Protein chains: 2
Amino acid sequence: MRKVQMVTDRELEILKILWALGKASVREVQDELNKLPDTVDNPVAYSTVQTLLNIMEDKKGLVRHVVEGRTFIYIPKKSSDRTIRELTKRFVDRVFDGAIDRMMVALLDTKPPSAAEFDRLRAMIDEAQKQADERADEPVGSKLEVD
Amino acid sequence: MRKVQMVTDRELEILKILWALGKASVREVQDELNKLPDTVDNPVAYSTVQTLLNIMEDKKGLVRHVVEGRTFIYIPKKSSDRTIRELTKRFVDRVFDGAIDRMMVALLDTKPPSAAEFDRLRAMIDEAQKQADERADEPVGSKLEVD
DNA sequence: TTACGTCAACGAGATCGTTCGTTTTCGAGG
DNA sequence: CCTCGAAAACGAACGATCTCGTTGACGTAA
């Protein structure tokens with residue numbers, strides 16, 4: 001069987017809306033979707049959104065729903081951070097065979113940052129390293145379980 | 001009509017082989033493909049590779065072919081660097097709405113780098129900035145064509 | 001009670017990605 | 001010339017993605 005995409009393009013758009021709103025009905029998702037620049041000329045039908053949300057719930061477990069009155073309210077099951085981290089990992093594996101540094105190079109190549117952005121980048125790296133160090137310090141007696 | 005993927009998963013695998021070999025026949029691509037860890041249990045048929053290469057040439061312009069004797073030799077039309085840069089841009093746009101710094105954060109989150117890797121990262125950034133500066137210095141009379 | 005509007009439920013179709021089997025072509029060796 | 005083997009050409013299938021139209025249920029207002 002073919003490889004099933006964890007999150008497809010349309011599904012990601014819907015997830016972004018759910019992350020922004022916290023939760024939403026089919027109608028609300030449809031409205032938000034049709035505000036997007038790509039869809040203003042090409043509105044998406046109600047039943048389309050409905051079908052997508054069904055699939056995202058039943059087949060992929062990306063969302064769940066609660067019933068509120070007579071309408072379904074959909075809620076994302078995974079956080080934006082976690083989902084995006086997983087998507088990023090898949091991409092790095094697929095394109096760069098997991099080599100994060102090569103991905104960095106491509107990223108810096110994509111749009112050369114300004115001087116200020118370079119500084120912010122360095123700050124980000126310092127911060128990431130500081131956190132990595134903290135994580136590496138404490139485990140004196142808890143080193144037994146390595147995840 | 002549905003959005004057509006610039007480079008699909010299988011096509012990317014094939015492109016990687018062509019980049020590594022420079023050029024290759026259908027048979028060679030098939031052989032290399034079936035050496036991959038994911039395909040050893042699941043070999044790909046000759047005609048499958050043939051169809052893919054056809055599409056990659058006719059519909060997508062990713063490769064071209066020359067005839068050598070009676071066999072087609074396929075050659076990638078775009079460099080690995082350029083293609084990967086385009087793929088990366090698409091991904092950043094799709095997932096991060098173009099925000100490269102957020103992509104960086106996700107990347108650093110994906111697999112916390114070691115101290116040595118942090119250093120290499122900083123060196124990379126320095127290098128990228130130096131090149132950016134050089135590009136910004138010289139353009140006294142050559143600023144007319146920006147490509 | 002009847003009509004109306006909204007919602008979930010179905011069924012279905014178009015295109016794409018991926019996969020092959022089969023047929024045709026064609027050059028080399030007997 | 002005939003056969004054999006390898007390569008290209010062709011047609012076809014299946015699941016996945018994305019898209020709707022239609023139908024039936026249900027609550028509300030007239």
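So that the names make sense, note that chain A is the first sequence line, chain B the second, and so on, each numbered from 1. The structure displayed is predicted, hence computed values, not measured ones.
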Looking across every strand, which nucleic acid part, if any, lies under 4.0 Å from [X] by heavy atom: base, sugar-phosphate, or nothing?
X     : answer
A:D9  : sugar-phosphate
A:I55 : nothing
B:T71 : sugar-phosphate

Tell whether [X] reaches the base of [N] with its side chain through a donor-acceptor pair below 3.5 angstrom.
X     : N      : value
B:R70 : D:dA6  : yes
B:Q50 : D:dA7  : no
B:T51 : C:dC20 : yes
B:S47 : C:dG21 : yes

Please determine if [X] and [Y] form a salt bridge, counting it only when a charged side-chain N lies under 4.0 Å from a carboxylate O.
X     : Y     : answer
A:K60 : A:E11 : yes
B:D93 : B:R90 : no
A:K89 : A:E86 : no

- Query: Closer to the 5' end of DNA chain D via nearest nucleotide, is it A:N42 or A:V4?
  - Reply: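 It is A:V4 whose nearest nucleotide is closer to the 5' end.
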- Message: I need the single residue from B:E28, B:R27, B:E32 that forms a side-chain hydrogen bond (donor to acceptor under 3.5 Å, both in side chains) with B:Q30. Which is it?
- Response: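 The option that passes is B:R27.
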- Message: With nearest nucleotide decided by heavy atoms, which residue, B:K60 or B:P43, maps closer to the 5′ end of DNA chain C?
- Response: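 Its nearest nucleotide being more 5', the pick is B:K60.
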Take the protein atom [atom1] of [X] and the nucleotide atom [atom2] of [N], then report the distance between them rounded to whole Å.
X     : N      : atom1 : atom2 : value
A:L52 : D:dA16 : CG    : C1'   : 12 Å
B:D38 : C:dT18 : CG    : C1'   : 15 Å
A:Q30 : C:dA8  : CD    : C1'   : 14 Å
A:L36 : D:dC18 : CG    : P     : 14 Å
B:I14 : C:dG17 : CD1   : C1'   : 12 Å
A:M56 : D:dA16 : CE    : C1'   : 15 Å
A:L12 : D:dA16 : CG    : P     : 20 Å
A:E68 : D:dG27 : CD    : C1'   : 16 Å

- Would you say A:W19's side chain and A:K78's backbone share a donor-acceptor pair under 3.5 angstrom?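 Here the side-chain-to-backbone pair exists.
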- Message: Take N1-N3 plus N6-O4 or O6-N4 for Watson-Crick, N1-O2 plus O6-N3 for G-U, both under 3.5 Å. Which runs of 3 or more such pairs involve DNA chain D?
- Response: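 Stem segments, range with range: C:1-30 with D:1-30.
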- Query: Does OP1 or OP2 of D:dT19 have a side-chain N or O of A:Y46 closer than 4.0 Å?
  - Reply: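 False: A:Y46 side-chain N/O out of range (4.0 Å or more) of D:dT19 OP1/OP2.
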- Query: Taking OP1 and OP2 of C:dC20, is either one under 4.0 Å from a side-chain nitrogen or oxygen of B:T48?
  - Reply: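 Answer is yes, contact under 4.0 Å.
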- Message: Checking contacts here: which listed nucleotide (C:dA8, C:dC20, C:dT6) is nearest the side-chain heavy atoms of A:F72?
- Response: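 Looking only at side-chain atoms, A:F72 lies closest to C:dA8.
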Going by atom type alone, with no hydrogens or angles, which donor-acceptor pairs under 3.5 Å involve a side-chain atom of residues 62-75 of chain B and a protein atom two or more places apart or on another chain?
{"residue": "B:H65", "atom": "ND1", "partner": "B:E57", "partner atom": "OE1", "Å": "2.8"}
{"residue": "B:H65", "atom": "ND1", "partner": "B:E57", "partner atom": "OE2", "Å": "3.0"}
{"residue": "B:T71", "atom": "OG1", "partner": "B:E68", "partner atom": "O", "Å": "3.4"}

- Query: Got more than 12 heavy atoms from elsewhere within 6.0 Å of NZ, A:K77?
  - Reply: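 Open.
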- Query: Taking all non-hydrogen atoms of both residues, which atom of B:V49 and which atom of B:L33 are closest, and how far apart?
  - Reply: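 Closest approach of B:V49 to B:L33, heavy atoms only: CG2-CD2, 4.1 Å.
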